Peer 1: 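Dropping a structure here in structure tokens format, bear with me for questions.
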Amino acid sequence: MAKIFIVDDVEDNIKLLWYNLEDDGHEVMSASSGQECLDKVLAFNPDVILLDMMMPGMSGSETLAQLKKIETIENTPVIMVSANDGDDSVIETLDLGAHDFISKPFIYPVLEARVRSAVRLKQSQDELAAANQTLATIASTDSLTECFNRRHFFELCNVEFSKAKRHLRPLSVIMLDADKFKAINDNYGHAMGDEALKVIAEVCKACIRESDILARLGGEEFAICCPESTCDGATRIAERIRLAVEKRTISLNGKSTQFTLSLGVTEFTGAETQFDQLVNRADRLLYQAKEQGRNCVISGI
Ligand SMILES: [Mg+2]
């Protein structure tokens, strides 16, 4: 079953198609003008549009041109329906992006076959779009923790850094690292180490805001970029994360352990020209936290 949108200024034409298409199991919606089509199309989100060429007011070609400007509709196949099958109108509408053209009077089974062909096209386009989305997610995500990976973190943060620099807005960076992580792996096995990494991700996600950007940069090291946050605000987030991890017990196969984090926090001062400079400074502060006995937050600029 597909969703078919009929656009025609003649009520009887709509009725005839509507009954036939519904009999074939499709979900149908109609509009009696180009404007009504544009008003209804987003809410209905059709798989195929059957668009009459000759309509008073906005013509079929004009309506088609407008439909092609709507981002979520531009790939929806449009079949033009017209009593005028002159070469010029066929060429014009195909050039405008119509998927197919059928002349009136049409034989219904032929129209239905063309609708099926358009539906197949739409379905393969949707599958391709979904597959591309999956690939994009895989390419940007760390599979163990489902945080962003290093590459995607820098892509997103460079954009945020440019905005902060242009508008002189606050932006802070938190770097964090699990303390004595090697000991967890050595004493309890790598699966327990993985548990610890998942707990870090889970705790960070619970402590940050929707607009903050969390990533696993590699190994047991994570970074958070906090747009519109001062160093004080980001330090409070860092402290919440530190406390939450300190309280957690991780368990696997009947064994349990606890671990802590060291964190470094810094803020954009207006003088930095690259986002990396903030990451490097937060990293130095993180190492100061390690030197000062671990399980603490050091912030500075
Ligand atoms: Mg008409």
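In each ligand, atom 1 is the first atom listed, and ligand 1 is the first ligand listed. No experiment lies behind these values; they were computed from the predicted model shown. The chain is numbered in sequence order, starting from 1.
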Peer 1: Under a 3.5 Å cutoff, is there a donor and acceptor pairing between the side chains of Asp24 and Tyr108?
Peer 2: yes
Peer 1: Does the structure place the NZ or CZ of Lys165 under 6.0 Å from the centre of the six-membered ring of Phe268, at an angle of no more than 45° from the ring's axis?
Peer 2: no
Peer 1: So that I can check it, does any N, O or S atom in Asp8 come closer than 2.8 Å to the Mg ion (ligand 1)?
Peer 2: no
Peer 1: Need the atom name: nearest N/O/S atom of Asp52 to the Mg ion (ligand 1).
Peer 2: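 Result for Asp52 and the Mg ion (ligand 1): OD2.
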Peer 1: For atom NZ of Lys182, is the number of surrounding heavy atoms from other residues, nucleotides or ligands below 6.0 Å larger than 12?
Peer 2: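 No, because the 6.0 Å sphere around NZ of Lys182 holds 12 heavy atoms or fewer from other groups.
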Peer 1: Less than 3.5 Å apart, any donor N or O on the side chain of Asp142 or Thr145 sitting next to an acceptor on the other?
Peer 2: yes
Peer 1: Closest to the Mg ion (ligand 1), which N/O/S atom of Asp9 is it?
Peer 2: OD1
Peer 1: Any N/O/S atom, side chain or main chain, of Met54 closer to the Mg ion (ligand 1) than 2.8 Å?
Peer 2: yes
